[in-house]
Amino acid sequence: MKISVIDIGSNTIKLVNYNVKRDLSFTAFQQESTKVKLGESLDRTHILSDQSIERAIDTLLLYSDIIRVESIKRCLCVGTSAVREAQNSAHFVDQVYKRTGFKIRILSGKEEAYYSYLGASMSSYLPNVLFFDLGGGSLELVYTEDFKIKKVDSLSLGALRLTQIYGKKDSSFSRKDCDDMVQKIHDSLPTRKSYGIGIDTVLAGVGGTLRTLTKYDQGSNEYPLGKIHNYRLKLSAIESICKELGTMNDKEISGLRAMDATRAETIVAGSYVIHTLMKKLEFEEVIVSAYGLREGIIAGFLRNRDFFNHQKSEDLEKQISKIVSNNYEPNIQNIELDNILRHMISYGFLKEREVEILLFAIRTLTKLRATNKLHDLFYMILDEDYPYLTHREQLVLALSIVQSKKAKTSDWLYSKYRSILKPQNQKSIQKIGILLKLNDLIVKSRSRIKLRESKNNGIIIDISSSIRSYPAILLQNIIQRVSEVFGIVIECYLPNNLDRPIHTENGMITVRSK
């Protein structure tokens with residue numbers, strides 16, 4: 001099934017086409033974005049201008065053709081800040097329906113906040129979070145504790161709106177206008193106390209300004225990964241960007257390397273919104289999400305076709321909290337591997353986070369087609385978005401999978417991304433990589449395993465299997481590598497149906513039949 005989502009914002013109109021699977025998961029396969037500036041002059045005139053309405057309708061007619069070509073039967077079309085605030089909103093909605101066939105569902109400020117949070121939470125593990133969505137006309141805030149929504153706000157602090165109120169015609173700011181804007185932002189924002197923000201709360205956000213700041217920071221620092229989702233953008237970096245761009249006009253900003261020219265007009269105001277938010281609420285970094293309102297709209301709709309209709313705020317809060325909390329179920333573990341991992345943790349040979357990455361790696365391998373093109377495999381894994389993993393952890397995951405197939409390729413790729421990784425990550429990659437090989441052998445040989453600690457602080461492994469021709473030499477090679485990587489002595493007893501004993505030459509491990 002295919003579904004389209006159209007987001008009519010104050011600055012841009014976006015179309016995203018999704019493929020939806022039977023399990024209700026979805027993947028975007030096409031995205032279009034057009035700068036329309038629908039909310040232009042809205043604060044001064046309180047209406048959408050005829051020119052901006054025509055630009056919007058022209059864009060929607062184009063999107064209608066795209067949807068028709070893709071044979072998409074269902075389109076969810078929403079209007080946000082500019083549409084809900086304009087005095088001629090009903091006229092705009094009526095004209096759009098008559099001329100394009102799109103029926104616009106106008107979201108309230110709180111609904112926009114709810115759906116944005118839902119979309120971000122589908123792809124980021126955010127139990128305790130202050131989440132924001134910065135658009136052209138408004139700033140949405142959602143505060144949650146253990147996935148339960150506690151506070152929701154929609155503030156008139158959009159990047160386009162502030163630019164038009166405080167900026168000059170060329171979108172530059174005088175020192176005084178910039179100071180006045182920052183004071184307005186500061187006074188409009190809540191405090192940590194008013195929201196009851198806890199010490200373990202993280203800040204996460206979405207929006208064009210935040211994505212542009214991320215790309216600019218990555219480009220300026222030659223960040224090798226080039227991935228936005230789950231990037232940690234530091235307050236110090238945003239502070240530097242504010243100082244650098246603060247006195248520039250839109251043409252000067254457009255000419256900067258690594259700057260998205262389409263955001264040049266609003267990037268200064270948007271940067272100051274995020275910077276002031278972080279300073280006032282005492283956050284040193286923000287987790288960047290590549291998902292938000294549009295993903296929240298489709299996620300809610302797929303789980304309840306009435307979800308898209310108007311609901312009471314408290315009902316919407318409960319439904320969203322339920323969807324988000326149910327999205328994080330424990331990983332299904334192979335019982336034999338689970339036995340190994342529990343012992344390895346208890347003996348101090350593995351850290352719990354290494355185990356979690358290993359389990360992600362196993363799940364990833366079950367979804368990917370087998371290939372010996374390891375560079376393609378590596379970049380395919382990096383291209384995915386993992387809710388629980390930082391960029392560094394995702395690199396460890398991808399490198400561990402490559403390590404399990406060819407150590408030299410993994411080591412070469414490690415050197416390429418050394419600036420993101422830490423020295424201890426290399427040992428983790430080796431551990432996870434060899435355990436992936438061991439797990440593969442366990443599954444394919446239908447082995448059952450018991451572990452116990454030996455007298456010399458090593459491990460004794462008892463193996464049983466229904467396979468008569470057991471791959472003992474392959475097991476020996478893998479166990480030998482496990483011993484080397486973990487620095488432990490391993491004594492391994494093979495199935496009863498194996499006739500010949502096998503011993504290693506260096507004595508580090510002993511592999512023999514019962």
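FYI, side chains are in, hydrogens and waters are out, and symmetry mates aren't considered; it's all heavy atoms of this structure. All residue numbers refer to positions in the sequence shown, counting from 1.
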Please determine whether a side-chain nitrogen of the Lys or Arg among [X] and [Y] lies less than 4.0 Å from a carboxylate oxygen of the Asp or Glu.
X: Arg84; Y: Glu111; result: no
X: Lys251; Y: Asp170; result: no
X: Arg68; Y: Asp65; result: yes
X: Glu54; Y: Arg99; result: yes

Under the 3.5 angstrom rule, does the side chain of [X] hit a backbone N or O of [Y] as a donor-acceptor pair?
X: Arg392; Y: Ile420; answer: yes
X: Ser410; Y: Ile401; answer: no
X: Thr212; Y: Gly208; answer: yes
X: Thr100; Y: Phe102; answer: yes
X: Glu252; Y: Asn249; answer: yes
X: Ser10; Y: Ala82; answer: yes
X: Ser415; Y: Trp412; answer: yes
X: Arg294; Y: Gly292; answer: no
X: Arg192; Y: Gly198; answer: yes
X: Asp153; Y: Leu141; answer: no

Spatial distance of atom [atom1] ([X]) from atom [atom2] ([Y]) [nearest 0.5 Å]:
X: Gln394; Y: Leu389; atom1: CD; atom2: CG; answer: 6.5 Å
X: Leu162; Y: Ser156; atom1: CG; atom2: OG; answer: 9.0 Å
X: Asp217; Y: Ile228; atom1: CG; atom2: CD1; answer: 11.5 Å
X: Phe147; Y: Asn128; atom1: CZ; atom2: CG; answer: 8.0 Å
X: Ile429; Y: Leu397; atom1: CD1; atom2: CG; answer: 10.0 Å
X: Asn88; Y: Leu48; atom1: CG; atom2: CG; answer: 4.5 Å

How far apart are the closest heavy atoms of [X] and [Y], and which atoms are they?
X: Thr209; Y: Ala159; answer: OG1-CB, 4.0 Å
X: Leu189; Y: Leu277; answer: CD1-CA, 3.6 Å
X: Leu382; Y: Ala398; answer: CD2-CB, 4.0 Å
X: Tyr417; Y: Pro224; answer: CE2-O, 3.6 Å
X: Ile149; Y: Ser321; answer: N-OG, 3.5 Å
X: Lys37; Y: Arg55; answer: O-NH2, 3.4 Å

When you look at [atom1] of [X], are more than 12 heavy atoms from neighbouring residues, nucleotides or ligands closer to it than 6.0 Å?
X: Lys148; atom1: NZ; answer: no
X: Lys280; atom1: NZ; answer: yes
X: Glu352; atom1: CD; answer: no
X: Lys2; atom1: NZ; answer: yes
X: Tyr97; atom1: OH; answer: no

Exercise for the section: Please determine which of Leu15, Val36, Thr34, Val96 meets the side-chain contact (heavy atoms from CB on, under 4.5 Å) test together with Leu60. Expected result: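 By the side-chain contact (heavy atoms from CB on, under 4.5 Å) criterion, Leu60 pairs with just one of Leu15, Val36, Thr34, Val96: Val96.
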Practice task
Among Val16, Ile298, Asn17, find the residue that satisfies the side-chain contact (heavy atoms from CB on, under 4.5 Å) test when tested with Ser4.
Solution key: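 Exactly one candidate clears the test, Asn17.
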Problem - Steps toward side-chain hydrogen bond (donor to acceptor under 3.5 Å, both in side chains) verdict (Ser33, Gln31) - result: CA-CA 7 Å; Ser33 180; Gln31 180 168 320; over 6 Å; no
Exercise for the section: May I ask you to check whether Thr12 and Lys14 show a side-chain donor-acceptor distance below 3.5 Å? Expected result: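 Result is yes, a qualifying pair exists.
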Problem - Heavy-atom side-chain contact between Lys227 and Asp385 under 4.5 Å - result: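 Yes, close enough: below the 4.5 Å cut-off.
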Exercise for the section: In sequence, state the C-alpha distance, the side-chain angles, and the governing distance for Asp179 and Gln183, and then conclude on side-chain hydrogen bond (donor to acceptor under 3.5 Å, both in side chains). Expected result: CA-CA 6 Å; Asp179 290 343; Gln183 189 62 52; over 6 Å; no
Handout entry: Parallel, tilted or perpendicular: rings of Tyr231 and His391 (30°, 60°)
Key =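 Plane angle between 30° and 60°, so tilted.
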Exercise for the section: Please work out which of the three classes, parallel, tilted or perpendicular, describes the rings of Tyr388 and Phe360, given edges at 30° and 60°. Expected result: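 It falls in the tilted class, 30° to 60°.
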Practice task
Cation-pi check, Arg74 to Tyr18: give yes when NZ or CZ is under 6.0 Å from the six-membered ring centre and within 45° of the ring axis, no otherwise.
Solution key: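 No - Arg74 does not lie over the ring of Tyr18 by the 6.0 Å and 45° rule.
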Handout entry: Tyr386 and Thr364: CA distance, side-chain angles, deciding distance, side-chain hydrogen bond (donor to acceptor under 3.5 Å, both in side chains) verdict
Key = CA-CA 10 Å; Tyr386 290 81; Thr364 298; 2.9 Å; yes
Exercise for the section: Decide side-chain hydrogen bond (donor to acceptor under 3.5 Å, both in side chains) for Glu85 and Ser81; before the verdict, give the C-alpha distance in whole Å, the side-chain angles of both, and the deciding distance to 0.1 Å. Expected result: CA-CA 6 Å; Glu85 293 177 20; Ser81 178; 3.0 Å; yes
